[in-house]
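The residues of the chain are indexed from 1 along the displayed sequence. Just the heavy atoms: all of them, side chains too, but no hydrogens, waters or symmetry mates, feed the values below.
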Amino acid sequence: MSTPDLSLLDSFVAVARHRSFRRAALERGVSASTLSEALRRLEAQLGVRLMNRTTRSVTLTEPGRKLLDRLTPMLADLGEALDEVNSFRDTPTGTLRLNVPAPVARLVLAPMLADFFATHPGLTLEVHLDERLIDVIEAGFDAGARYGESLAQDMIAVPLGPAQRYGIYASPGYLARNGTPSVPEDLLHHRCICHRFASGAVLPWEFEKDGRVLRIQPRGQLITNSADLTIDAARDGVAIAMTFQGFAKPAVERGELVSLLEEWCPPFEGPFLYYTGRRHMPAPLRAFVDFVRTRHARAASTRG
């Protein structure tokens, strides 16, 4: 039996980890048929069936499970060895895969990309938008970004961006027809636009003023998971919206939306970049962490 090509073994591990050719193909940037052919060739070389696959599922056979158990740490060690060599380059290369919520991507990551790529032209950054609280390492990402209350305790966390805030917004036309709320409780008598999270939850709107925390469950005439639809509907006078200040700012500056109850909407801590404390950090991740820390320190000194 000839020794299988490393790329075939790597393809097998990717499919086995995701239990899906489609998801593994998305991670690798190849077609599902390419991975299917790689697995077929690997099984032919080894002379055993490694996976049972149907149109709906992929499951490991006993030989496949044993091979995965042995290969996973070996390929991880190999990856670390290559990353360690990469760290000696003047300009690191490779791909950094991040899993982040849409607000972090648009309001925090996007403004720093030009500077990052100017500093590290040899790197590729892949950003996957996801609100779900998943195991980003198990899913094949190098790191993720979440807010403090969602961080796992065993992760290393680095501040990714400045403080943010939610705001309450309505169009001038809506306010002319329905009146302007002066306290959060007034929202119970207004039409509102609510956000449904990936978990399925529609959370209350939370306010704070002078140490008093108030939670309101508004009447959601429109419920969506789209920030763009939320802004468009509020701008068109459909209802009142709660959304990130950064999303609403352009419409406020154009006079299409009015900011309400500002004294009840204090800033909150910005998102964190998080990753595992493995023995050797991949060069692309190390470059990004150093960039983020330098940027954050510079911003803090400017504010000081």
Side-chain angles (χ1 to χ4, degrees), residues 10-11 13-35 58 72 75-76 79 83 86 92-117 120-152 154-161 164 195-201 224-230 243-244 246-247 270-278 281-292 295:
D10 192 48
S11 296
V13 171
V15 175
R17 187 174 67 246
H18 288 285
R19 298 295 195 272
S20 166
F21 283 92
R22 182 182 62 82
R23 289 196 294 271
L26 288 173
E27 175 190 305
R28 296 306 170 96
V30 298
S31 67
S33 60
T34 297
L35 292 181
V58 175
T72 299
L75 290 177
D83 284 328
N86 191 23
T93 62
T95 298
L96 172 65
R97 303 186 72 245
L98 300 179
N99 181 290
V100 305
V104 174
R106 289 183 55 185
L107 302 177
V108 180
L109 278 183
M112 67 173 66
L113 292 182
D115 286 345
F116 176 69
F117 287 124
H120 299 288
L123 294 180
T124 298
L125 179 62
E126 181 178 338
V127 180
H128 181 82
L129 304 190
D130 197 342
E131 284 188 346
R132 299 173 301 152
L133 298 178
I134 65 171
D135 184 333
V136 293
I137 308 304
E138 177 66 23
F141 295 95
D142 297 294
R146 292 294 185 272
Y147 293 90
E149 68 275 10
S150 301
L151 291 174
D154 58 346
M155 291 288 182
I156 298 173
V158 177
L160 184 58
Q164 295 180 289
H195 182 89
R196 187 178 296 281
F197 290 87
S199 65
T224 179
N225 66 349
S226 167
D228 290 337
L229 178 58
T230 296
T243 190
F244 280 90
F247 287 157
F272 290 81
L273 180 76
Y274 70 97
Y275 52 94
T276 60
R278 48 191 157 185
M281 188 185 300
L285 178 57
R286 165 56 65 191
F288 187 69
V289 168
D290 290 344
F291 171 82
V292 166
R295 186 182 179 93

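The CG atom of Leu229 lies 4.5 Å from the OG1 atom of Thr224; values are rounded to the nearest 0.5 Å. Atoms CG and CE, on Leu125 and Met112 in that order, are 10.0 Å from each other to the nearest 0.5 Å.
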Report task. Verify side chain to side chain donor-acceptor pair (under 3.5 Å) between Arg146 and Asn99, making sure each step is shown before the conclusion. Result -> CA-CA 9 Å; Arg146 292 294 185 272; Asn99 181 290; 2.8 Å; yes
Report task. Please step through side chain to side chain contact (heavy atoms under 4.5 Å, CB included) for the pair Phe288 and Leu98, ending with a clear verdict. Result -> CA-CA 11 Å; Phe288 187 69; Leu98 300 179; 4.0 Å; yes
Requested in this report: Decide yes or no on side chain to side chain contact (heavy atoms under 4.5 Å, CB included) for Val292 and Asp290, but give the supporting numbers first.
Outcome: CA-CA 6 Å; Val292 166; Asp290 290 344; over 6 Å; no
Report task. Using the side chain to side chain contact (heavy atoms under 4.5 Å, CB included) rule, take Asp115 and Arg295 through it: C-alpha gap first, then chi angles, then the decisive distance, then the call. Result -> CA-CA 10 Å; Asp115 286 345; Arg295 186 182 179 93; 3.4 Å; yes
Requested in this report: Could you check Leu107 against Phe244 for side chain to side chain contact (heavy atoms under 4.5 Å, CB included), going step by step and ending with a plain yes or no?
Outcome: CA-CA 9 Å; Leu107 302 177; Phe244 280 90; 3.7 Å; yes
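Residue Pro101 comes nearest to Ala145 through the heavy atom pair CD-O, 3.0 Å, listed as atom of the first residue, atom of the second, then distance. The heavy-atom pair separating Ala32 from Ala25 by the smallest distance is N-CB, 3.6 Å. Pairing each heavy atom of Leu123 with each of Phe117, the nearest pair is O-CE2, 3.7 Å. Closest approach of Leu273 to Leu160, counting heavy atoms only: N-CB, 3.8 Å. Nearest heavy atom pair, residue Gly144 against residue Val136, reads N-CG2, 4.2 Å. Here the shortest heavy-atom pairing between Pro111 and Val108 reads CD-O, 3.3 Å.
The pair Arg106-Asp228 meets the salt-bridge criterion, with a side-chain N (NZ, NE, NH1 or NH2) lying under 4.0 Å from an Asp/Glu carboxylate O.
In summary, the aromatic rings of Phe272 and Tyr147 are positioned with their centroids too far apart to meet the 6.0 Å limit.
Residues Arg97 and Thr95 form a side-chain contact, since some pair of their non-hydrogen atoms from C-beta on lies under 4.5 Å apart. In this structure, Leu129 and Val100 have side chains that are in contact, with non-hydrogen atoms separated by less than 4.5 Å. Val127 has its side chain within reach of Leu109: a pair of non-hydrogen atoms, C-beta onward, lies under 4.5 Å apart. Considering only heavy atoms from C-beta on, Gln164 comes within 4.5 Å of Pro271 through its side chain.
Between Phe197 and His195, the ring planes are perpendicular. Angles over 60° get that label, and only those under 30° would be called parallel. In this structure, Phe141 and His128 have tilted ring planes: the angle between them lies in the 30° to 60° band.
In the displayed structure, Arg19 atom CZ is contacted under 6.0 Å by more than 12 heavy atoms of other residues, nucleotides or ligands.
With sequence neighbours left out, Ser33 forms a side-chain hydrogen bond (donor to acceptor under 3.5 Å, both in side chains) with Ser31.
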